Asks: 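My questions will all concern the structure given below.
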Number of protein chains: 2
Amino acid sequence: MDTRHMRYFMALAETLHFGRAAERMNMSQPPFSRQIAMIEHSLGVKLFERNSRNVALTPAGKHFMKDCRNVLGQFEDACRDVRLVASGMKGELRFGFMMHAAHSVVPQLVQLYSEARPDVRLVLDERTPTEIDEMLVAGTLDAAVTFGSEYTLNLQTVLLARERLRIIMRKDHVLAAARQIGPMALCNERIIAAPVATAPALRSAINSYFSAKGLVPHVVLEPRLQHTIIQLVAKGLGVALIPASLCNELGGGLTSRALSDSPQLDVVLRAPITTKNPAVSTFMEIGKAMQQTSI
Amino acid sequence: MDTRHMRYFMALAETLHFGRAAERMNMSQPPFSRQIAMIEHSLGVKLFERNSRNVALTPAGKHFMKDCRNVLGQFEDACRDVRLVASGMKGELRFGFMMHAAHSVVPQLVQLYSEARPDVRLVLDERTPTEIDEMLVAGTLDAAVTFGSEYTLNLQTVLLARERLRIIMRKDHVLAAARQIGPMALCNERIIAAPVATAPALRSAINSYFSAKGLVPHVVLEPRLQHTIIQLVAKGLGVALIPASLCNELGGGLTSRALSDSPQLDVVLRAPITTKNPAVSTFMEIGKAMQQTSI
DNA sequence: TGCGATCAATGCTTTCAGGGTATCATATGG
DNA sequence: CCATATGATACCCTGAAAGCATTGATCGCA
């Protein structure tokens, strides 16, 4: 038994006429009759009640007809779908992003892509920038939004946006009243920042900001999660330099200020050059299109 | 593409090794490799990433694997189920019965059969005896419980039970106080009975009961449904002769009495001899088994 | 009742899809 | 750099299945 046999069976079950069914299968009647006999023999079941004048389905044949319709439908769907997956119209795309981008480019990127490729399941995975790089290389992620860096081994990169860093603090902090805030004003402040191992690009941008003036930031706490940093600032344990896009949704007790000569960070979309997932290419294309409009 | 190709694909997808997959398919490696290439070519999709050292699934291949597992499962189920239907273990049985039997043999018959053949869907259809005969001949019913009669053209019959007729009346009816009730006592009563066209066996039993004494029943109303007959008796419009098994569940205002030399009716299970539904045979067998115990 | 028409089954021939064997090509590891 | 493992190719051969011709059975109509 095979799907071809099921198709023969269906042709006869629907026409109840060997000649016309054979014609539908683009063959002559004699081999068609033999195939039907073969099917019945291999199943050990009489599917048709027939004489030289009439053809009718047996109860078993009627039941088999429903099952065959079902199987053949699923079979063709499978063949169609595998093409869609190969073309990137369907399937799955594992998309990583850092929390710093969750409120800026990610929502738009996800929305645009979901509209363009509604049958691709986007698996979102929030990670720290370092985890993202590892997972991209390991192939655990298909694409990700992270901070730009020189380390782009086997990775293709699309610049999505440039973010300026701002400083956040409690509203009752002395700096909240300052006219202008730069490295000099900050070098005696208790700075809270993610560790180098977690967000190298962000941390090096902060370090450079100070070292350009011959200074060194006084980093007192190094939580790995952005969420934690903001909470610690809210508790008055220090101040933090964070991307501007995150400053819109601060809690009640917090405020943000621009930095003089503020450092910039690239927010990029990255994917392995060697990716085998065909869904990635249009994802990157949409990233490029966003770049045109947002910068 | 065919299910055989899907099986080849699954073998390779699961082993990721051409040699071992070919072995599993009971063939040598070279033709197996060709078949895999054929599949990819006919689908127009690369399913495996391979060199002379490693074999790996592409994303499209991974997706196809799930679909193939599904299709192959359903395919085998269909082949298994059609055998079950042909053997009468699965399928559908359209079972007709007259209301006179609904409270006696039908529940037991249905229960016993459902236990013996849980995968056969019993389609119950309550009909008048005449409708039942027509539908059995037309093939609209596979089997039915009805009154016995001589007319058994192409029908096989199993005697399930013998029912005596009793007379029912309102509790305030004069006959309710009678010592013994026979044709003489009834020939002046207003009789309510189903028409000959609806229940010939029942009606002829009633007629014979009177004619044996040279009398003729005075039938004033002829509703087709048993339910209606009982309601009319309850309204005081007459009395009725009905099978004893129906007398247990009479409404509040009604009562029943035995008839002297009471007429008997056979309750039988019938099916076309030429039935093509393999589920019928055990249904009849169970009827025969009930006959042993009930009579 | 007999004849022609219709339609499924059967016999025979042919072809090509698909399997087998031998061999090649390539990547890996010691 | 060679031995080994493994997938791809080349070539041959068998048999499943298609085609053609024909038979056999049933039905409708004269």
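We use all heavy atoms of the structure for the numbers below, so side chains are in, but hydrogens, waters and symmetry mates are not. What you see is a predicted model; the values in this text were computed from it and never measured.
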Asks: Do B/Ser52 and C/dT26 have a side chain to base donor-acceptor pair shorter than 3.5 Å?
Replies: yes
Asks: Roughly how many Å is it from CZ in A/Arg50 to C1' in C/dT10, rounded to a whole number?
Replies: 13 Å
Asks: Starting at CG of B/Leu12 and ending at C1' of D/dG7, how long is that distance when rounded to a whole Å?
Replies: 11 Å
Asks: Evaluate B/Glu134 against B/Arg127 for salt bridge (Lys or Arg N to Asp or Glu O under 4.0 Å), listing each step before the verdict.
Replies: CA-CA 10 Å; B/Glu134 288 166 4; B/Arg127 298 284 179 168; over 6 Å; no
Asks: Between A/Thr157 and A/Arg270, is the side-chain hydrogen bond (donor to acceptor under 3.5 Å, both in side chains) condition met? List the steps.
Replies: CA-CA 5 Å; A/Thr157 299; A/Arg270 276 209 179 131; 3.1 Å; yes
Asks: Write down the distance between CD (A/Glu23) and P (C/dC7), rounded to a whole number of angstrom.
Replies: 12 Å
Asks: When the nearest nucleotide of DNA chain D is assigned to A/Tyr8 and to A/Asn51 on a heavy-atom basis, which residue is associated with the more 5' position?
Replies: A/Tyr8
Asks: Any side-chain heavy atom of A/Asn277 sitting closer than 4.5 Å to one from A/Val280?
Replies: yes
Asks: Rounded to the nearest Å, what distance is computed from the NE2 atom of residue B/His17 to the P atom of nucleotide D/dA8?
Replies: 12 Å
Asks: Phosphate oxygens OP1/OP2 of D/dG19: is one of them under 4.0 Å from a side-chain N or O of A/Ser28?
Replies: yes
Asks: Distance check needed: D/dG19 C1' versus A/Met25 CE, whole Å only.
Replies: 18 Å
Asks: For the residue pair B/Arg203 and B/Pro195, what are the closest heavy atoms and their distance?
Replies: NH1-CA, 3.6 Å
Asks: How close do B/Ala279 and B/Tyr113 get, counting heavy atoms only, and between which atoms?
Replies: O-OH, 3.2 Å
Asks: Strictly under 4.0 angstrom, non-hydrogen atoms only: write out the protein contact profile of nucleotides 9-16 of chain D, one letter per nucleotide from the 5' end, B, S or -.
Replies: BBB-----
Asks: Using whole Å, what does the distance between atom C1' of nucleotide C/dC7 and atom CG of A/Leu16 come to?
Replies: 14 Å
Asks: Measure the distance from NE2 on B/His5 to C1' on C/dG18 and round it to the nearest whole Å.
Replies: 9 Å
Asks: Is B/Arg24 salt-bridged to B/Glu14, going by a charged N under 4.0 Å from an acidic O?
Replies: yes
Asks: Can you tell me the distance, in whole Å, between the CD1 atom of A/Ile39 and the P atom of C/dA9?
Replies: 12 Å
Asks: Salt bridge check, B/Glu92 against B/Arg121: does any charged N sit closer than 4.0 Å to a carboxylate O?
Replies: yes
